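The structure appears below as structure tokens.
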Amino acid sequence: MATRHLYLARHGAADAFGELTDIGRRQMDLLGERLAAVPVDTVWHSPLPRAAASARELARHLPQDVPVAEAAELVDHVPYVPGPAETPPSWAGFFDGYDAAEAASGHRLAEALVARFAKVPGATPEGERPDRHEVLVTHAYPIAWLVRHALDAPPSRWLGLNSANTALTVIEYRDGLPPAIVMYNDMSHLPPGLRWTGFPAAVRP
């Protein structure tokens with residue numbers, strides 16, 4: 001049974017201009033060390049500079065023949081704008097200014113993300129179906145959407161899912177079975193001082 005293993009990671013910490021910081025590079029370096037033993041087939045990244053730079057940093061730890069490529073579906077976007085009845089009070093003002101066209105555009109992108117990555121591997125030209133191991137360097141919202149999809153949760157449920165910078169989420173896809181979330185937002189490759197970046201300031205365990 002062929003399995004698609006998706007290793008989802010939010011980009012490293014970035015500055016106010018969206019550029020990877022020294023902390024972000026160190027975070028990605030440590031994630032690359034963690035994934036070095038995985039037989040990665042491809043590293044995909046968002047078109048945004050902080051994700052592209054993160055993917056390059058991670059890929060330094062992988063064999064040189066592992067391709068690193070951009071995937072437009074991984075760009076930072078709002079995957080679903082909930083209606084008033086679906087919106088938690090703390091999110092009430094977040095979607096002000098999103099008109100119907102913008103909401104529809106974001107949702108089409110989210111559907112394209114699922115259609116491209118959230119499925120079992122296809123057959124090779126020789127008719128074989130080997131396992132696939134793919135790293136997706138992206139942003140918090142696309143990760144939340146893929147996790148929500150794997151759980152078959154209501155569309156608005158992505159709102160309660162956040163990912164720290166370079167935290168690792170792993171989802172597996174197999175024929176005839178629901179997606180399996182192997183881990184979510186795991187930061188065990190990071191020392192305490194580099195964990196929880198990208199989250200609001202709060203006391204963390």
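This is a predicted model, so every value here is computed, not measured.
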For Gly83 and Glu86 the tightest heavy-atom approach is N-OE1, 2.7 Å
Same hydrophobic cluster for Val135 and Met183, using side-chain heavy-atom links shorter than 4.5 Å among ILVMFWY?
-> yes
Practice item. Evaluate the side-chain proximity of Ile171 to His149: yes if any heavy-atom separation is below 4.5 Å, no if none is. Key: no
Review point. Is there a side-chain contact between Val114 and Leu146 (heavy atoms, below 4.5 Å)?
Key: yes
> If you draw a 6.0 Å radius around CZ in Arg157, do more than 12 non-hydrogen atoms from other residues or ligands fall strictly inside?
Replying inline: no
Any donor-acceptor N/O pair, Asp41 side chain to Glu134 backbone, under 3.5 Å
no
**Study point:** Mutual orientation of the aromatic rings belonging to Phe94 and Trp91 [parallel < 30°, tilted 30-60°, perpendicular > 60°]
**Key:** perpendicular
Next item on the list: Take Thr42 and Arg132 through the side-chain contact (heavy atoms from CB on, under 4.5 Å) test and state the conclusion after the steps.
Entry: CA-CA 9 Å; Thr42 307; Arg132 293 281 301 172; 3.4 Å; yes
Closest non-hydrogen contact found for Pro47 with Ala72 is CG-CA, 4.0 Å
| Within a strict 4.5 Å, meaning less than it, do heavy atoms of the Leu31 and Glu57 side chains meet? | no
| request: Applying side-chain contact (heavy atoms from CB on, under 4.5 Å), run through Thr3 and Arg174 and close with a yes or a no. | output: CA-CA 5 Å; Thr3 302; Arg174 297 182 177 88; 3.3 Å; yes
Partner of Ser46 under side chain to side chain donor-acceptor pair (under 3.5 Å), picked from His11, Glu70, His139, is His139
Original post:
What class does the angle between the rings of Phe117 and Trp44 fall in, given that below 30° is parallel, 30 to 60° is tilted and above 60° is perpendicular?
Top reply: perpendicular
(message) Is there a side-chain contact (heavy atoms from CB on, under 4.5 Å) between Val40 and Tyr7? Walk through the geometry before answering.
(response) CA-CA 9 Å; Val40 175; Tyr7 303 86; 5.6 Å; no
*hydrophobic_cluster_shared for Ile181 and Leu136, side chain cutoff 4.5 Å*: yes
* Specify whether Tyr80 and Trp145 have parallel, tilted or perpendicular ring planes, treating 30° as the upper limit for parallel and 60° as the lower limit for perpendicular. => parallel
CG of Leu58 to CG of Asp29, rounded to nearest 0.5 Å, is 9.0 Å
Side-chain donor-acceptor contacts of residues 194-205 below 3.5 Å, not counting sequence neighbours, with atom names and distances?
from, atom 1, to, atom 2, distance (Å)
Arg195, NE, Met187, O, 3.3
Arg195, NE, Leu190, O, 2.6
Arg195, NH2, Leu190, O, 3.0
Thr197, OG1, Gln27, NE2, 2.9
Thr197, OG1, Asn165, OD1, 2.8
Arg204, NH2, Pro200, O, 2.9

| message | Is any side-chain heavy atom of Arg10 closer than 4.5 Å to one of Ile143? | response | yes
| message | Pair Thr166, His189 - check side-chain contact (heavy atoms from CB on, under 4.5 Å), show working. | response | CA-CA 9 Å; Thr166 74; His189 51 285; 3.8 Å; yes
Same cluster (ILVMFWY, side-chain, under 4.5 Å), Leu159 and Leu151:
yes
Q) Does Asp152 CG have over 12 foreign heavy atoms under 6.0 Å away? A) no
To the nearest 0.5 Å, atom OH of Tyr173 lies from atom CZ of Arg4 at 8.5 Å
What one should report as the nearest heavy-atom pair of Ala51 and His45 is O-CB, 3.9 Å
inquiry  = Looking at Arg50 and Asp15, is there a salt bridge between them, counting it only when a charged N and a carboxylate O are closer than 4.0 Å?
reply    = no
Report task. Would you check, one step at a time, whether the test side chain to side chain donor-acceptor pair (under 3.5 Å) holds for His77 with Tyr141? Result -> CA-CA 7 Å; His77 68 281; Tyr141 294 172; over 6 Å; no
Hey, any chance Val68 and Leu48 share a hydrophobic cluster, counting ILVMFWY side chains that come within less than 4.5 Å of each other, even indirectly?
no
For Ser163 and Asn185 the tightest heavy-atom approach is CA-OD1, 3.3 Å
Would you say Pro82 and Phe95 make side-chain contact, with heavy atoms under 4.5 Å? yes
### Query
Is any side-chain heavy atom of His5 closer than 4.5 Å to a side-chain heavy atom of Val38?
no
message: Assigning hydrophobic clusters by single linkage (Ile, Leu, Val, Met, Phe, Trp, Tyr; side-chain heavy-atom cutoff under 4.5 Å), is Val170 placed with Val43?
response: yes
Fill in: Min side-chain heavy-atom separation Leu20-Ser54 under 4.5 Å
yes
Value for CG (Leu8) from OG1 (Thr169), rounded to nearest 0.5 Å, stands at 6.0 Å
For Thr21 and Ala14, the nearest pair of non-hydrogen atoms, with its separation, is CG2-C, 3.6 Å
d(Leu35 CG, His133 NE2) to nearest 0.5 Å is 11.5 Å
Shortest non-hydrogen pair, Asn162 vs Ala140, comes out as OD1-CB, 3.6 Å
